[in-house]
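Everything on this sheet refers to the single structure shown next.
The figures that follow rest on heavy atoms only: side chains count, while hydrogens, waters and symmetry mates do not. Residue numbers count from 1 along this sequence.
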Amino acid sequence: MAGKAFTPRVFSGIKPSGGLTLGNYLGAIRRWVDMQGQGLETIYCVVDLHAITVWQDPAELRAGTREVMAGLIASGIDPERSVLFNQSRVSAHAELAWIFNCVARVGWMNRMTQFKDKAGRNAENASLGLYAYPALMAADILLYHATHVPVGEDQKQHVELTRDIAQKFNHDYGADFFPLPEPVIEGPATRVMNLRDGSRKMSKSGESDMERINMLDDADTIAKKFRKARTDPEPLPDTVEALEGRPEAKNLVAIYAGLADVTPEAVIAEFAGAGWGRFKPALAELAVERLSPISTEMKRLMADPAELDRLMARGAERAEAIARPILAQTCEIVGLLR
Ligand code: TYM
């Protein structure tokens with residue numbers, strides 16, 4: 001279908017389960033902040049409905065939602081310049097997700113690698129929500145007619161599925177209604193790996209806290225985690241290409257580049273030939289320099305939950321104003337009398 005031109009609009013989301021990691025920060029939040037300055041409309045969402053696809057303690061979910069909200073603001077998301085809210089406050093997400101459950105095909109869902117990873121061998125016992133999760137994610141994005149979705153590498157397949165859902169909807173209903181959004185996967189650290197195993201992603205849910213840097217870690221903890229990070233015995237090479245086959249070394253260079261906002265080439269130019277005894281303390285120092293002002297501000301914001309709730313409610317009102325007419329038009333196209 002000849003695509004009509006959609007006004008560029010950015011949407012992205014983050015789950016409020018288990019706190020924020022350096023992976024979230026470098027892979028997503030940093031980019032979200034950058035995109036605010038590019039004259040685009042930016043919409044960022046704490047996706048609490050996604051979190052409950054795996055059981056959450058209700059009190060921890062409330063606390064986690066506020067913590068992520070605080071983390072986004074402390075990292076530089078401006079609740080005035082961006083629309084910033086939590087997903088469950090805008091019920092149109094769940095409503096559009098149902099319609100997309102009826103558009104997406106079971107065969108497509110079966111190919112989602114993240115479901116396979118998360119459900120593991122016990123897939124029969126996973127929630128139906130965990131399986132349907134990518135259709136809700138498509139609804140998050142398309143409810144705003146978003147065209148650009150800044151995410152880490154691990155979300156690429158879900159954004160591609162969103163395009164498939166948009167395309168099938170447009171085709172099945174003969175309406176050029178939803179845009180086909182682009183994943184925006186940029187920067188030197190689009191896939192931050194686990195500090196103890198360079199073949200696995202850094203995630204909130206990994207079993208050992210030593211494998212990830214949390215946004216609220218203090219300076220000593222950050223230094224200890226980098227000191228104990230797994231590496232190989234070789235010093236840093238003098239080209240980026242020579243990092244291939246050295247996943248742990250490559251990961252630490254990418255993290256340094258992400259934190260310093262430079263390319264991996266620039267990091268290698270500075271540290272070629274350096275041993276870990278030099279590089280790791282430099283990396284820890286840089287991480288503390290970047291993260292400690294953010295964690296200090298996060299804690300300040302978290303001390304006033306009522307203000308965070310007020311900001312989320314205000315953001316949700318603004319989100320609702322964009323979402324409602326799009327949901328109403330979708331229902332109209334589908335033939336639902338309202
Ligand atoms: P979530 O909450 O797992 O992660 C939020 C964002 O952080 C990125 N990220 C990483 N990037 C690099 N390295 C890592 N180790 C790393 N870990 C996490 C993720 O790629 C993501 O961009 N399904 C999504 C949330 C979501 C969403 C959406 C995203 C729901 N609806 C609509 C975009 C648009 C998720 O679980 O992200």
Side-chain angles (χ1 to χ4, degrees), residues 19-34 71 75-76 117 150-156 183-295:
L20 295 173
T21 69
L22 185 60
N24 296 134
Y25 180 66
L26 294 179
I29 302 171
R30 270 302 283 267
R31 305 270 79 85
W32 298 7
V33 173
D34 290 347
S75 300
D117 291 349
V151 283
E153 184 66 45
D154 63 323
Q155 294 300 321
K156 185 168 183 226
V184 180
I185 302 171
E186 282 176 351
T190 57
R191 188 174 176 79
V192 177
M193 306 309 278
N194 180 320
L195 297 181
R196 305 308 287 253
D197 176 355
S199 70
R200 286 173 40 227
K201 188 182 74 165
M202 181 183 287
S203 85
K204 314 170 197 198
S205 52
E207 63 264 21
S208 159
D209 197 54
M210 289 301 287
E211 64 187 49
R212 62 181 162 264
I213 304 284
N214 304 300
M215 298 285 286
L216 287 173
D217 282 345
D218 61 28
D220 288 347
T221 308
I222 291 175
K224 183 168 99 197
K225 287 178 176 176
F226 279 125
R227 194 166 60 242
K228 301 212 161 177
R230 182 165 152 190
T231 47
D232 55 37
E234 302 298 317
L236 282 171
D238 48 20
T239 64
V240 168
E241 291 70 43
L243 288 168
E244 283 316 318
R246 298 179 62 188
E248 286 85 11
K250 189 175 171 190
N251 186 41
L252 295 183
V253 168
I255 291 175
Y256 193 104
L259 288 166
D261 230 346
V262 299
T263 61
E265 285 77 9
V267 180
I268 288 296
E270 188 178 344
F271 288 99
W276 298 109
R278 187 176 145 222
F279 186 72
K280 283 180 168 180
L283 175 58
E285 196 183 322
L286 175 64
V288 169
E289 188 185 304
R290 285 292 138 84
L291 298 182
S292 70
I294 299 177
S295 64

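Taken from OH in Y256 to CZ in F271, the straight-line distance is 4.0 Å, to the nearest 0.5 Å. One distance of note links CG of L283 with CD1 of I213; it measures 8.0 Å at 0.5 Å rounding. Distance check, rounded to the nearest 0.5 Å: CG of L195 to OG of S208 gives 9.5 Å. Rounding to the nearest 0.5 Å gives a distance of 12.5 Å between CZ of R200 and CG of N251.
For W276 (side chain) and R227 (main-chain N/O), no donor-acceptor pair under 3.5 Å exists by modelled atom type. The main-chain N or O of T221 is found under 3.5 Å from a side-chain atom of D218 such that the two form a donor-acceptor pair. The backbone N or O of V184 lies less than 3.5 Å from no partner atom in the side chain of R31, so there is not a single donor-acceptor pair. The backbone N or O of R196 sits nowhere less than 3.5 Å from a side-chain atom of E211 that would complete a donor-acceptor pair.
Taking each heavy atom of V33 and S75 in turn, the nearest pair found is CG2-O, 3.4 Å.
Within 6.0 Å of the CD atom in E285, the count of heavy atoms belonging to other residues, nucleotides or ligands does not exceed 12. Counting non-hydrogen atoms of neighbouring residues, nucleotides and ligands closer than 6.0 angstrom, the NZ atom of K204 exceeds 12 such neighbours. Counting heavy atoms of neighbouring residues, nucleotides and ligands inside a 6.0 Å radius, atom NZ of K280 exceeds 12 of them.
We find that D209 and K225 are joined by a salt bridge, their nearest charged nitrogen and carboxylate oxygen being less than 4.0 Å apart.
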